[in-house]
Number of protein chains: 2
Amino acid sequence: MKVALREIETTVARALIRHGAAEWVAAEVASAVAEAEGLGNRICGLYYLESYCQQLRSGRVRGDAEPDVTRPRPGSVVADARFGFAQPAFARALPQAVEAARDCGVASLAVAHAHTCTSLGFFTARIARQGMIALGFTNATPVVAPPGGRTRVIGTNPISFAVPDGQGGVAMLFDQSTTAVALGKVTMAKAAGEAIPEGWAVDAEGRPTADADAALAGSLLSVGGYKGWGFGLMAELLAAGMTGSRAGPDIGPLKAVEGAPHDIGDYYLLIDPALSGAFHDRFSRVAGMVAQDEGARIPGAGRAAADPAELDPAAWAQAVRLADG
Amino acid sequence: MKVALREIETTVARALIRHGAAEWVAAEVASAVAEAEGLGNRICGLYYLESYCQQLRSGRVRGDAEPDVTRPRPGSVVADARFGFAQPAFARALPQAVEAARDCGVASLAVAHAHTCTSLGFFTARIARQGMIALGFTNATPVVAPPGGRTRVIGTNPISFAVPDGQGGVAMLFDQSTTAVALGKVTMAKAAGEAIPEGWAVDAEGRPTADADAALAGSLLSVGGYKGWGFGLMAELLAAGMTGSRAGPDIGPLKAVEGAPHDIGDYYLLIDPALSGAFHDRFSRVAGMVAQDEGARIPGAGRAAADPAELDPAAWAQAVRLADG
């Protein structure tokens, strides 16, 4: 079924407000949910709404937190979400972070003590639309063991990169986990009774496994072995270390109704392409080469949310119930 | 055979000076070569010395270039290598870049128009030893096709990340290509008459191949498919775009005696961990979890150059010849 983005947004906002979110907080979160659905990124869309509502009620996420935005140094902006959602904290801090990048050439935006940000690309795209190159890092519940190990240390820890097109749009964007696959792929294999390929996961003893059940009791593997492990650790240390939020091993299950706040950090670097007179030229050169190969592409080129969005009818029905009872 | 790092350094410097490098330039490059050998990273060590000497003679690298260091914004330092080596340009700019990171919380160091930097980790380690977290990016001769394509667009484009230990040392460091394997692995398979595993390369038509000859006529593949492709493009755009140096498709073979200067860019981000009171604590938390698994490790932990270094006797004999005729 198809629903207009505007209707998704107002419905989601109504659901969040009904469960205790402040109006402006609900609007920021609802805009992220609607964009995710428009992009077909269901796992970061309506799929999270029920847990948001339940956690607003239980107090696991604070729906009325006023983010605390500071700029401790000229190129460094910190947005303390104070156990509220990531989206409103980011929105409050973005103008200062863009100004800092313009002033200094490069700037960091550390979102601290926040609820899961779901789609990191939502944030890097917003930075790119302001004309800045963006790198983003976050961490998550531990499900990944080190190469050669069996202890779950870090999460699927995504890294995102977005490039402005010089005209208020996004020329390139990736937002990718540092694991071989997302946990959902293993869950789906289990549901389908299928084996999983080598390289996806290990069992609880750290042995390679093709069995989805054993994988779910064990750990995911990093993409490309030690390379993905390095990238995942980089995301971990920037997201947790540079924001003072929880380290991966200490993050609880994201959708549990009760428990301590997520207390997750998101870390962004903003780079002003205007520092180099050549940035857009070099981008065009590379994009032109890629365009020579039919089927090859620049990640995220032409990325645009469909409106109306094609929704999972069950997820939409649930959203309407959460909004209107 | 074992040779003391100090002897490697003075011999390499003598060879470079004999072929036209200024004394201080030779000292900087020689220190990088000796460190690479001490770390067992032969491909970035003496293996490059002959081409350095030949290219000094041919003028493909300028041995007396005076790097031009500027700070166009408070958080942005640019070192124009002016077609000289990367190491002296970096060395001249590092103090200002560290100062910029301390002032602004985060800073960029763009090394422009340089000869190949060989080991990116040599540079990020130096930043970390100054107490700053370092990200490094560079590009190289095109050998990688996009997923689904067959045109060589980008190089093995490495990314490096280094973490200071708070005591003048390096707590973690990775320096990894964004391809499934380095080109050398394919060359070695060819020499041994062995097949190569799926996922390493495609032939000239973009078809997966197990044949090393076909792979060498074709392209390498990115690690983890589109994920490594995204990371490789990120390195490309930061290294070329933010320095105004050549885009990957326009970089010639690195060791050819004659030709245009490499004109390669290296791009570094420096982050002051002191901005967060929690950085070293979160690092310890994660490192402690990793230490639970025998065989698992933090990349680059305990990294130290062996002294004396174990050398390839042929490479050392050649270095001595280049130095002393």
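Every value quoted in this text rests on a predicted model; they were computed, and no experiment measured them.
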* Structure fact -> Turns out that what part of A162(B) lies under 4.5 Å from chain A's heavy atoms comes down to neither
* Selection from T151(A), I154(A), D272(A) maximising heavy-atom pairs under 4.5 Å formed with chain B -> T151(A)
* If you draw a 6.0 Å radius around OH in Y226(B), do more than 12 non-hydrogen atoms from other residues or ligands fall strictly inside? -> no
* Given a strict heavy-atom distance threshold of 4.5 Å, which part of L173(A) is in contact with chain B: side chain, backbone, both, or neither? -> neither
* Flag the one option from G295(B), P249(B), G225(B) with the top tally of heavy-atom pairs under 4.5 Å to chain A. => P249(B)
* Check whether any side-chain heavy atom of L233(B) lies under 4.5 Å from a side-chain heavy atom of F283(A), and answer yes or no. => no
* Asked: Which atoms of A180(A) come close to chain B, meaning under 4.5 Å heavy atom to heavy atom: side chain ones, backbone ones, both, or neither?
  -> backbone
* Asked: S276(B) and T243(A): which non-hydrogen atoms are nearest, and at how many Å?
  -> OG-N, 4.4 Å
* **Donor-acceptor contact present, side-chain S76(A) to main-chain L275(B), <3.5 Å** => no
* Asked: Taking K227(B) for the side chain and S177(A) for the main chain, is one N or O donor matched with an acceptor at less than 3.5 Å?
  -> yes
* Heavy-atom distances under 4.5 Å only: say whether P147(B) touches chain A with side chain, backbone, both or neither. => backbone
* Structure fact -> Under 4.5 Å to a heavy atom of chain A? For F174(B) that would be side chain
* Asked: Heavy atoms, side chains only, cut-off 4.5 Å: are C104(A) and C104(B) in contact?
  -> yes
* Asked: Are D103(A) and R73(B) ion-paired here, with the side-chain N under 4.0 Å from a carboxylate O?
  -> no
* Structure fact -> chain A shares the most heavy-atom pairs under 4.5 Å, among V223(B), D281(B), T178(B), V153(B), with V153(B)
* Measure A101(B) against the heavy atoms of chain A and call it side chain, backbone, both or neither at under 4.5 Å. => backbone
* Measure L135(B) against the heavy atoms of chain A and call it side chain, backbone, both or neither at under 4.5 Å. => side chain
* Asked: Heavy-atom distance under 4.5 Å to chain B: side chain of A274(A), backbone, both or neither?
  -> both
* Between P72(A), P74(A), G224(A), which residue shows the highest count of heavy-atom pairs closer than 4.5 Å to chain B? -> P74(A)
* Structure fact -> Note: vs chain B, highest number of non-hydrogen pairs under 4.5 angstrom among G105(A), P273(A), G248(A) is G105(A)
* **Pairs of heavy atoms under 4.5 Å with chain A: top-ranked of M289(B), M172(B), M234(B), E294(B)** => M234(B)
* V163(B) versus chain A, heavy atoms under 4.5 Å apart: side chain, backbone, both or neither? -> side chain
* Using a cut-off of under 4.5 Å on heavy-atom pairs, state which of I271(A), L269(A), V290(A) scores highest against chain B. => I271(A)
* How are the rings of F231(A) and F231(B) set to each other: parallel, tilted or perpendicular (split at 30° and 60°)? -> parallel
* Asked: Would you say R297(B) and P146(A) make side-chain contact, with heavy atoms under 4.5 Å?
  -> no
* Heavy-atom check, side chain of P299(A) versus side chain of W229(B), under 4.5 Å -> yes
* Structure fact -> Under 4.5 Å to a heavy atom of chain A? For A110(B) that would be neither
* Using a cut-off of under 4.5 Å on heavy-atom pairs, state which of R285(B), E236(B), R102(B), R71(B) scores highest against chain A. => R285(B)
* Backbone N/O of L237(B) and side chain of R282(A): donor-acceptor pair under 3.5 Å -> no
* **Top contributor to chain A interface from A145(B), G206(B), G244(B) [non-hydrogen pairs under 4.5 Å]** => G244(B)
